[in-house]
Each structure stands twice: as C-alpha cells, then as structure tokens.
There are 2 protein chains.
Amino acid sequence: MEFSVKKFRERAKEMGLKVTPQRIAVYREIVSRKDHPSAEELYETLKGKIEGISLTTVYRTLSSLEKAGFVKRVPTLKDKVRYDARLEPHGHFICKKCGKIVDIEVTLPVSSELLRDVGEIKECSLVCYGICKECRNEKA
Amino acid sequence: MEFSVKKFRERAKEMGLKVTPQRIAVYREIVSRKDHPSAEELYETLKGKIEGISLTTVYRTLSSLEKAGFVKRVPTLKDKVRYDARLEPHGHFICKKCGKIVDIEVTLPVSSELLRDVGEIKECSLVCYGICKECRNEKA
DNA sequence: GTGGGTGCAAAGACTTTGCAAGACG
DNA sequence: CGTCTTGCAAAGTCTTTGCACCCAC
C-alpha cells in the first residue's frame, strides 16, 4: 500500500486530528506492513527510529487513528488488539500456532436481507483459523 | 440447543476429561444461552446456583472444554474472550455499541484453492460489525 | 498563545498460575 | 487411593488514565 504524508495531513485536517511526528510514524508503519501489528509491535519497531515515542503514545495514536477512520481492528480470538490499514472488506487467516495474520482475498456473502434483520451492518470480515504453511512444515 | 448430561459424560470420557458439577454447569450454561458468554458472565450467572464455583474454575473449565472440542472462541475486536457451543461454521454479528453478539446464518465462501495457499484451514467464521436494531432504535 | 498531544508512572481490566485441600474414577 | 480439579491469592499481560509539560496550528 502507498503512504503519503500529504494525504495524511489532508484527511487528518478533515477529521480535526493534529498531525504529529508520532502519528505520522505509527500510521506509516501500519500502512507499509503486510502483517497486522499490535501496539507493542509498533512500539518495538518505532522506538529506535523515532525520537519521541512511547508505548502510551502508540496506544493513544491507534485509538485516534481508529476513531478518525484511518485504521480498523482485526477480529481475533483474543491476545492483543491488531490493526489494519486496509479498509475494504477482506478476509484474514490467523495461524493458531504462530499467531501470524495474513490477508485473504474473498468476496464476502454480505448484504443479504438476512443481515438486515439483525441491524445495520457497518463492516464485515471473514476470519479463518488454522495452521499456516510454515508452521505445518516445521512440525514435519 | 439441547443439553444432555449423559452425552456430556460420554464425550468427556473419550477426551479423558473428568466430569465435575462445575464442568457440567458451565457447559450446560453455554449450550442453553444464545448469547456468547464470557467467563465473567458465566460466573455471575452460576455463582448463585452452584455451590462450589469460582471465577478461576470457570476460566479453567472453559480452557478444558475448548481443548476437548466442546466449545469454540468467538472472534471479537477485543474485550474479553467469548465462547460458543455451536461448532458448525456460522457467522456472528457484533453490536459495536452494546457488545451483543448474535448468530448469522450464512454459507461461508471457504475451501477454495485460494485458502489452501495459505495453510490448513481448521475453522472459518464470518464476523460483521455494526449497530443492532435495539441500539439504533434507542438512539432515535 | 491555547488546546490538544505526549511521557511517565500508576491504576485498571481480564486472565493465568502456585499451592494445598478435595473430589472423580 | 492416585490423579486430576478446585479455590484462594498472587502474579501476569495488555491497555487506559492522571497529571505536568510541550508542540502543532
């Protein structure tokens, strides 16, 4: 995915979000990674590169980015909260052994009247669990 | 869903799981409820009815039931871990406002060769987020 | 300049674990 | 009877919050 500071500034302005080096760094990192990092993982990556970044700021930044619609949470069975910068509906495969989460390209069976019965659907995603190729090979 | 102590005893025996009043009570409760209770919620319900039940036991029981294949975790955006006694693949709708989780009957677009690329799929579920009817009416 | 953002430390929510006592098979 | 389970309390993990200082606008 592409990251542009200019676009980030524009969208942030629309949402009334101040642009700080920390916010740019966190968002840029999520966008550029294909995995779906948690706050802790983002902090570990950024603490060397960015002068002023704390774990607290990462948590607060993620919360702001989520409220402003820049990122979404990824459904998991638990552990920590993970974030995704891809906003279009898509699926995730979660390895039960190593915890890795990779995207799956599927068209979701949503928007039937069945769903309308339930309430107003804002987002949908398919979640699959199993053992990834790497972990399966390891076992053998 | 139906609950039978006899069947529970049989399956538990197969899995090498001892049958205790606490385990019967926790499993019976999950099976009989249509929501997808967390450990805390189960404990709150059971502590009045069952003599010897602690929150710790509920946690440990859920872990045992999960390992033995009696229940599954429900994918969520976070909060606490929730459990489901329905084992067949199905979808969930999660209300972002009140946190309620209800089942959705859908056929999932799984088992394409697309998924096989990723690894071995054990389970799949569709997760939808939004605002449930009750919460939407409340707002109005 | 001023309101929002940041860092640190402390608190909070949820879950797991150690150990002694008790129950299932 | 031996082994697995329970309960209590304590520890552990992930996340949020209070407060003083600082920066983007």
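Residue numbers start from 1 in every chain, and the chains themselves are labelled A, B, ... in the order their sequence lines are given, proteins ahead of strands.
Looking at heavy-atom distances under 4.0 Å, T56(A) makes contact with a base. Heavy atoms of Q22(B) sit under 4.0 angstrom from primed sugar atoms or phosphate atoms, though from no base atom. Using a 4.0 Å heavy-atom cutoff across all strands shown, R60(B) reaches at least one base atom of the nucleic acid.
Y59(B) has no side-chain polar atom (N or O) that falls below the 4.0 Å cut-off from OP1 or OP2 of dT16(C). Proximity of K80(A) to the phosphate of dC14(D): a side-chain N or O atom is located under 4.0 Å from OP1 or OP2. OP1 or OP2 of dT6(D) has not a single side-chain nitrogen or oxygen of T57(B) nearer than 4.0 Å. For S38(A), no side-chain nitrogen or oxygen approaches OP1 or OP2 of dC14(D) to under 4.0 Å. S64(A) has no side-chain polar atom (N or O) that falls below the 4.0 Å cut-off from OP1 or OP2 of dG5(C).
For the pair Y83(B) OH and dC14(C) P, the interatomic distance rounds to 14 Å; values are reported in whole Å. Atom CD1 of I53(A) and atom C1' of dT6(C) are 9 Å apart (whole Å). Across the protein-nucleic acid pair, L62(A) atom CG and dT6(C) atom C1' stand 15 Å apart, rounded to whole Å.
Each of R9(B) and S63(B) lies near DNA chain C, and the nucleotide nearest S63(B) is the one positioned closer to the 5' end.
Put simply, the side chain of K78(B) and the base of dT15(D) share no donor and acceptor less than 3.5 Å apart.
Side chains of T57(B) and S54(B): a donor on one and an acceptor on the other come within 3.5 Å. Between the side chains of T45(B) and K49(B), no donor-acceptor pair of N or O atoms lies under 3.5 Å.
Proximity of a side-chain donor or acceptor of R11(A) to a complementary backbone N or O of G69(A) within less than 3.5 Å is detected.
Partner E41(A) forms a side-chain contact (heavy atoms from CB on, under 4.5 Å) with one of R82(A), E29(A), H36(A) and no other, that one being R82(A).
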